[in-house]
Amino acid sequence: MNLTRSTNSVQSRPMRLVVLISGAGTTLANLIDRIRDGRLVGVRIDGVISSRAAVAGVELARTAGIPVTVIRPKDYATSAQWSSAVTACLDEIAPDVVVMAGFLARWDLPGRYQRRTLNIHPALLPDFGGAGMYGRRVHEAVLRAGAPESGCTVHLVDEIYDHGPIVAQARTAVTPDDTSESLAARVQALERDLYPSVLQRIADEGVAWLDRKFETRT
Ligand code: GAR
């Protein structure tokens, strides 16, 4: 497997990603666009794994010519077996970095992937995260709580959902007239820049950049 430290450097070859999705693939679409138009350089998407079959993200990846593997939890007797299937698929592709992009199943990732797997969440973690917190629900919770600001968080993935050291955040003020739609639109705009900027940094610095000490949350 190819996840050894210092395997990639932008000078020698592109950083190879596998993107994990469960739905519309909006984050995936953004990454594809940016690689295509040269705003994300030295990065290649070598595969997509989807936890659902009939979702727009699968079609999007196929149209972009990216190999897609559908691995559905419901096809496995236990979540551990499903996680092993995801791991086996990743081991075949041997990416430098695994990118969760609206992936809503809990992959029990082996230790060797923990410093090599990123997720983006549409709120300022550690607040408003955890199981069941995705999409509009997150923004509704932020508004209900009267939070003065929201944003998005890129973090390293560990064995706990929406947990793991925070790599980067982008913020926006919550305004009195915000609805979950208006807040979602602003947060998504932040996401479109934040995730690619983190990936560009890793591509430029090499994957060992992910081994540095990020803030660890309790
Ligand atoms: C992204 O906005 C991301 O923040 C969110 O899913 C969206 C992408 O999904 N992820 C989470 O909420 C993770 N807890 P999509 O590609 O299906 O639109």
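All ligand and atom numbering here is 1-based and tracks the order in the structure. Side chains are part of it too, since the values below use all heavy atoms of this structure and drop only hydrogens, waters and symmetry mates.
- Interface of Y134 with ligand 1, defined as ligand atoms under 4.0 Å from a residue heavy atom, comprises 12 (O).
- Counting heavy atoms of neighbouring residues, nucleotides and ligands inside a 6.0 Å radius, atom OH of Y134 does not exceed 12 of them.
- S22 contributes a side-chain N or O that, together with a main-chain N or O of L104, makes up a donor-acceptor pair within less than 3.5 Å.
- Among all protein heavy atoms, the one lying closest to atom 11 (C) of ligand 1 is P122 CD, 3.6 Å.
- Taking a 4.0 Å cut-off on heavy atoms, G57 fails to register as neighbouring ligand 1.
- Using a 4.0 angstrom heavy-atom cutoff, H121 counts as in contact with ligand 1.
- Ligand 1 places these atoms under 4.0 Å from at least one heavy atom of G135: 12 (O).
- Among protein heavy atoms, the minimum distance from atom 10 (N) of ligand 1 is reached at I120 O, 3.5 Å.
- Under 4.0 angstrom from ligand 1, the non-hydrogen atoms of E191 all belong to its side chain.
- Residue contacts with ligand 1: V138 is placed with no nitrogen or oxygen under 3.5 Å of a nitrogen or oxygen of the ligand (distance criterion only).
- Proximity of I21 to ligand 1 is not established, as no heavy-atom distance is less than 4.0 Å.
- Short contacts between ligand 1 and T27, defined as distances under 4.0 Å to a heavy atom of the residue, involve ligand atoms 1 (C), 8 (C), 16 (O).
- Side-chain contact between F103 and I120: absent, with no pair of heavy atoms (C-beta onward) separated by less than 4.5 Å.
- At the shortest separation from atom 17 (O) of ligand 1 among protein heavy atoms lies A24 N, 2.9 Å.
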Worked check of side-chain hydrogen bond (donor to acceptor under 3.5 Å, both in side chains) between N30 and T27: CA-CA 5 Å; N30 180 47; T27 302; over 6 Å; no
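- Checked against a 3.5 angstrom limit, the closest N/O atoms of T26 and ligand 1 fall inside it.
- Under the 4.5 Å side-chain criterion, counting only non-hydrogen atoms from C-beta, R106 is not in contact with S51.
- Between F214 and W209, the two ring planes are perpendicular [angle over 60°; tilted spans 30° to 60°].
- Taken from CG in D127 to CE in M133, the straight-line distance is 9.5 Å, to the nearest 0.5 Å.
- Counting only distance, with no hydrogens or angles, the side chain of E159 and the backbone of D108 share no donor-acceptor pair below 3.5 Å.
- Counting heavy atoms under 4.0 Å from ligand 1, residue D162 touches it through the side chain alone.
- Looking at D193 and R34, a side-chain N of the basic residue comes within less than 4.0 Å of a carboxylate O on the acidic one, giving a salt bridge.
- At most 12 non-hydrogen atoms from other residues, nucleotides or ligands lie less than 6.0 angstrom from CD of E92.
- When only non-hydrogen protein atoms are considered, atom 9 (O) of ligand 1 lies nearest to G102 CA, 3.5 Å.
- The shortest N/O to N/O separation between G25 and ligand 1 falls below 3.5 Å.
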